[in-house]
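For reference, positions follow the sequence shown, starting with 1. Order of listing sets the numbers, starting from 1, for every ligand and every atom in it.
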Amino acid sequence: MTRELTCIGCPMGCELTVEIENGEAVSVTGNTCKIGENYAKTEVSAPVRTVTTTALTEEGKPVPVKTAGNIPKGKIFEVVDAVKGVKVKLPVKTGEVILADAAGTGVDVIATKTVS
Ligand code: SF4
């Protein structure tokens with residue numbers, strides 16, 4: 001079977017065609033670079049994403065955050081819910097961990113902006 005994907009590796013958004021056998025990508029076409037091939041292979045076997053969202057301080061001030069790495073796509077909502085349960089203590093610096101091992105993914109959620 002084949003699957004059509006749009007690469008999210010950069011703003012070019014190359015249209016990819018992936019040949020799949022037994023749940024694994026056996027060939028990828030339409031990519032301009034290796035990132036697209038790697039994205040397509042991961043997307044058909046074990047899709048992952050970096051999540052960006054906003055946490056709140058104890059005072060209700062927004063702090064932009066993101067996962068420090070990719071997490072399984074199926075865990076996105078769990079991670080976002082876990083971030084909602086955090087009350088960040090100020091001041092917070094860029095890169096500071098605001099939630100360790102988010103939703104059991106082994107990936108931390110970190111601040112992407114210094115807020116004082
Ligand atoms: S295949 Fe390469 S050039 Fe095309 S969208 Fe993906 S990262 Fe960008």
Practice item. State, yes or no, whether a side-chain contact exists between E43 and R49 at a heavy-atom distance under 4.5 Å. Key: yes
Point to revise | Heavy-atom pair of closest approach, residues A55 and I98 | key: CB-CD1, 3.8 Å
Check your understanding: Do any N/O/S atoms of C33 come under 2.8 Å of atom 2 (Fe) of ligand 1?
Key -> yes
Practice item. Report, in ascending order of atom number, the atoms of ligand 1 lying under 4.0 Å from any heavy atom of G13. Key: 5 (S)
Point to revise | Closest to atom 8 (Fe) of ligand 1 among G30, P11, C10, A40 (heavy-atom distance) | key: C10
Point to revise | Metal proximity, C14 vs atom 6 (Fe) of ligand 1, N/O/S cut-off 2.8 Å | key: no
Check your understanding: Counting heavy atoms only, which part of I35 comes closer than 4.0 Å to ligand 1: side chain, backbone, both or neither?
Key -> side chain
Exercise for review: Just jot down the ligand 1 atoms closer than 4.0 angstrom to any heavy atom of G9, in number order.
Suggested key: 7 (S)
Exercise for review: Please identify which atoms of ligand 1 are closer than 4.0 Å to at least one heavy atom of C7.
Suggested key: 1 (S), 5 (S), 6 (Fe), 7 (S)
**Study point:** Within 6.0 angstrom of E4 CD, more than 12 heavy atoms from elsewhere
**Key:** yes
Review point. Is it true that V107 and V63 fall in one hydrophobic cluster, defined by side-chain heavy atoms closer than 4.5 Å?
Key: yes
Check your understanding: Do you reckon L56 sits in the same ILVMFWY cluster as V86, going by side-chain contacts under 4.5 Å, direct or chained?
Key -> no
**Study point:** Verdict with supporting geometry, T53 and K66, side-chain contact (heavy atoms from CB on, under 4.5 Å)
**Key:** CA-CA 6 Å; T53 184; K66 70 170 189 172; over 6 Å; no
